Amino acid sequence: MPSLFDGASARIQAALEHIEISQDVAQRLAQPDAALKVGVPLRHDDGRMTVFSGYRVRYDTALGPAKGGIRFHPDVGADEVSTLAFWMTMKCAVMGLPFGGGKGGVAVDPKQFSPAELERLARAYIDQIADFIGPDSDIPAPDVNTNPRVMGWMADQYRIIARAHTPDVITGKPIEMGGSAGRATATGDGAFHVLSTMMQRWGREAKGTTVAIQGFGNAGQCFARRCADAGYTVVAVSDSSGGIHDAGGLDIDAVIETKNDKGSVSEAGGEAMSNADLITMEVDVLAPAALESVITSDNAGDVAAGVIVEIANGPVASEADATLIDNRVLVLPDILANAGGVTVSYFEWAQNRQAWYWDADTVAERLEQRMVEATHALADRAEDNDVDLRTAAYILALEQIEKATAAVGTSEFFRVGRGA
Ligand code: NAD
């Protein structure tokens with residue numbers, strides 16, 4: 001299997017077959033602006049110390065300061081963080097946000113730590129990357145296994161180091177520390193708006209449409225609730241312990257309660273099913289909302305769903321794209337479908353900078369408007385260029401970055417020798 005980053009580059013190449021952009025932009029996007037690797041020392045409760053590997057990457061900042069989450073997971077490494085930062089660059093561009101792309105992480109399994117150890121780890125990571133981030137250069141946020149409390153510790157540590165109140169350095173904070181209303185549900189809400197907009201364009205109804213969701217964390221749960229409330233039949237959900245299904249539809253509120261009480265969805269009723277079977281089950285809409293590369297060349301041919309909503313980052317490996325296109329599976333690409341989170345993060349940053357806070361209805365309304373507009377722009381572009389939605393998303397993103405780059409002059413401009 002190609003590396004994650006090779007897969008990301010393949011999507012750029014597919015888009016470049018349909019547009020011409022300056023070689024300057026292509027060259028800039030072939031590698032990150034800056035990549036930092038640090039040792040993150042953690043003093044355990046029993047006095048031991050372990051040093052974990054930490055990373056922060058600013059991929060591209062043509063459109064604004066880098067923006068992107070921090071992941072705590074054993075698989076975190078330089079290739080993964082760079083690829084995630086690259087995807088953030090594309091996501092912010094396709095959404096028209098004034099941000100470039102960044103990402104960070106620590107290679108660690110946080111579930112083994114006490115709360116006090118987790119706090120020390122979060123603060124130690126910020127100690128090591130504090131010179132690399134900032135409200136005008138690189139603004140972190142939560143990702144897998146990090147949450148508002150972790151962001152709160154990190155923002156507080158930055159405040160101590162900077163000796164200044166800078167809530168705009170990190171988004172996804174607790175509301176009491178300058179977080180935004182609506183941030184907690186933003187990714188699931190955004191994915192739901194993208195699906196609804198496309199369903200409207202296709203002339204299809206929620207009623208009678210079945211949905212399966214892999215991954216039942218922050219994003220998966222919220223998406224499930226929105227779908228159930230709108231009249232879709234959510235027939236299967238899963239988490240790392242496995243899945244459950246019920247052809248008549250699961251009671252999503254009850255499944256969320258069980259997941260939060262017992263830590264897994266397995267005891268929430270329905271019949272047990274594996275994560276592998278969920279990916280290939282007969283369903284109208286499949287929403288992978290856990291980790292990368294769960295649909296590869298091995299199982300892409302067996303996907304029975306007509307629509308895939310990519311809530312996770314990179315759930316479809318690039319090698320599987322051609323099979324899904326051949327089989328007429330419509331993929332709503334991650335850089336649009338999960339962009340609700342970064343969009344409300346942008347709202348949070350804007351509110352922090354103005355010290356002027358919006359109510360939940362205002363956030364929800366502005367999020368919906370941006371997601372619906374971006375979805376129509378992308379679907380229109382796909383029709384115009386006669387390409388799949390993912391290629392259209394990359395075309396739009398690359399054009400945005402090209403415009404910002406061209407504004408200060410590309411090789412083409414300077415070569416003809418025109419003055420400024
Ligand atoms: P989370 O940690 O809250 O939830 C992840 C879920 O996936 C959990 O239910 C976990 O049990 C499940 N999971 C883990 N490994 C699995 C496996 N092998 N098979 C099936 N399920 C598995 O994370 P989240 O914030 O909901 O993020 C999920 C995905 O969405 C990630 O790819 C993340 O990068 C992406 N995403 C999240 C946000 C956000 O704002 N939360 C924004 C954009 C993208």
Side-chain angles (χ1 to χ4, degrees), residues 4 67-76 80-81 83-85 87-88 90-92 94-95 97 101 103-105 109-111 140-151 171-173 179-180 182-192 194 212-225 236-244 255-256 258-260 262-266 268 273-279 286-296 299 309-316 332-348 367 371:
L4 258 191
K67 186 86 195 78
I70 292 166
R71 177 175 291 200
F72 285 172
H73 194 278
D75 295 343
V76 163
E80 183 187 66
V81 175
T83 309
L84 288 161
W87 283 330
M88 284 304 298
M90 297 294 133
K91 194 182 302 183
C92 293
V94 89
M95 290 304 297
L97 305 180
K103 204 79 182 189
D109 177 7
K111 289 180 189 145
D143 192 70
V144 174
N145 289 331
T146 56
N147 58 25
R149 189 188 300 277
V150 175
M151 293 306 112
T171 60
K173 300 177 295 293
S180 177
R183 177 62 184 87
T185 59
T187 302
D189 287 338
F192 173 75
V194 171
I213 302 167
Q214 184 195 47
F216 209 60
N218 170 304
Q221 284 183 27
C222 173
F223 181 72
R225 181 173 270 147
V237 300
S238 70
D239 58 22
S240 51
S241 68
I244 50 171
V255 183
I256 291 176
T258 306
K259 168 79 181 166
N260 294 338
K262 304 198 170 150
S264 86
V265 298
S266 324
M273 85 185 306
S274 70
N275 266 297
D277 288 344
L278 184 144
I279 293 289
L286 172 66
L291 297 174
E292 293 101 52
S293 302
V294 293
I295 300 173
T296 63
N299 61 357
V309 187
E310 290 190 322
I311 296 179
N313 284 305
V316 175
L332 310 187
D334 49 4
I335 59 172
L336 171 75
N338 70 26
V342 70
T343 302
V344 176
S345 269
Y346 162 52
F347 296 166
E348 179 174 335
L367 173 65
M371 297 308 302

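Remember, it's 1-based here, ligands and their atoms both numbered in the order they're listed. Note that the structure is predicted; figures quoted are calculated from it, not measured.
For Ala186, no heavy-atom contact with ligand 1 is shorter than 4.0 Å. Only side-chain heavy atoms of Asp143 come within less than 4.0 Å of ligand 1; its backbone N, CA, C and O stay farther off. Residue contacts with ligand 1, taken as heavy atom pairs separated by less than 4.0 Å, do not involve Glu292 at all. For Asn338, heavy-atom contacts with ligand 1 shorter than 4.0 Å involve the backbone as well as the side chain. By the criterion of a heavy-atom distance under 4.0 Å, both the backbone and the side chain of Asp239 are placed next to ligand 1.
Ligand 1 has a nitrogen or oxygen under 3.5 angstrom from a nitrogen or oxygen of Thr187. Inclusion of Gly341 in the set of residues having an N or O under 3.5 Å from an N or O of ligand 1 is not warranted. By the 3.5 Å distance cut-off applied to N or O atoms, Leu291 is not counted among the residues near ligand 1. Considering backbone and side-chain N/O atoms, Val144 never comes within less than 3.5 Å of an N/O atom of ligand 1.
If you check the side chains of Asp239 and Ser264, you find no donor sitting under 3.5 Å from an acceptor.
The residue among Ser240, Gly217, Gly188 with a heavy atom at the shortest distance from atom 22 (C) of ligand 1 is Ser240. In the candidate list Asn275, Ile335, Val294, Asn275 is nearest to atom 19 (N) of ligand 1, counting heavy atoms. Looking at Ile279, Leu84, Asn313, Asn145, it is Asn145 that brings a heavy atom closest to atom 2 (O) of ligand 1.
Between Arg71 and ligand 1 there is a heavy-atom distance shorter than 4.0 Å. Using 4.0 Å as the threshold, Gln221 has no heavy atom nearer than that to any atom of ligand 1.
Between Asp334 and Lys91, none of the side-chain N atoms (NZ, or NE/NH1/NH2) sits under 4.0 Å from a carboxylate O, so this pair counts as no salt bridge. Salt-bridge annotation for Lys103 and Glu80: absent, with no side-chain N of the basic residue lying under 4.0 Å from a carboxylate O of the acidic one.
Applying the salt bridge (Lys or Arg N to Asp or Glu O under 4.0 Å) criterion to Lys173, with sequence neighbours excluded, gives Glu348.
Each of the following atoms of ligand 1 lies closer than 4.0 Å to a heavy atom of Ala219: 26 (O). Each of the atoms 40 (O) of ligand 1 lies under 4.0 Å from some heavy atom of Arg183. Atoms of ligand 1 lying under 4.0 Å from at least one heavy atom of Ala290, given by number and element, are 7 (O), 13 (N), 21 (N), 22 (C), 28 (C), 29 (C), 31 (C), 32 (O).
No donor-acceptor pair under 3.5 Å is formed between the side chain of Thr296 and the backbone N or O of Ser293.
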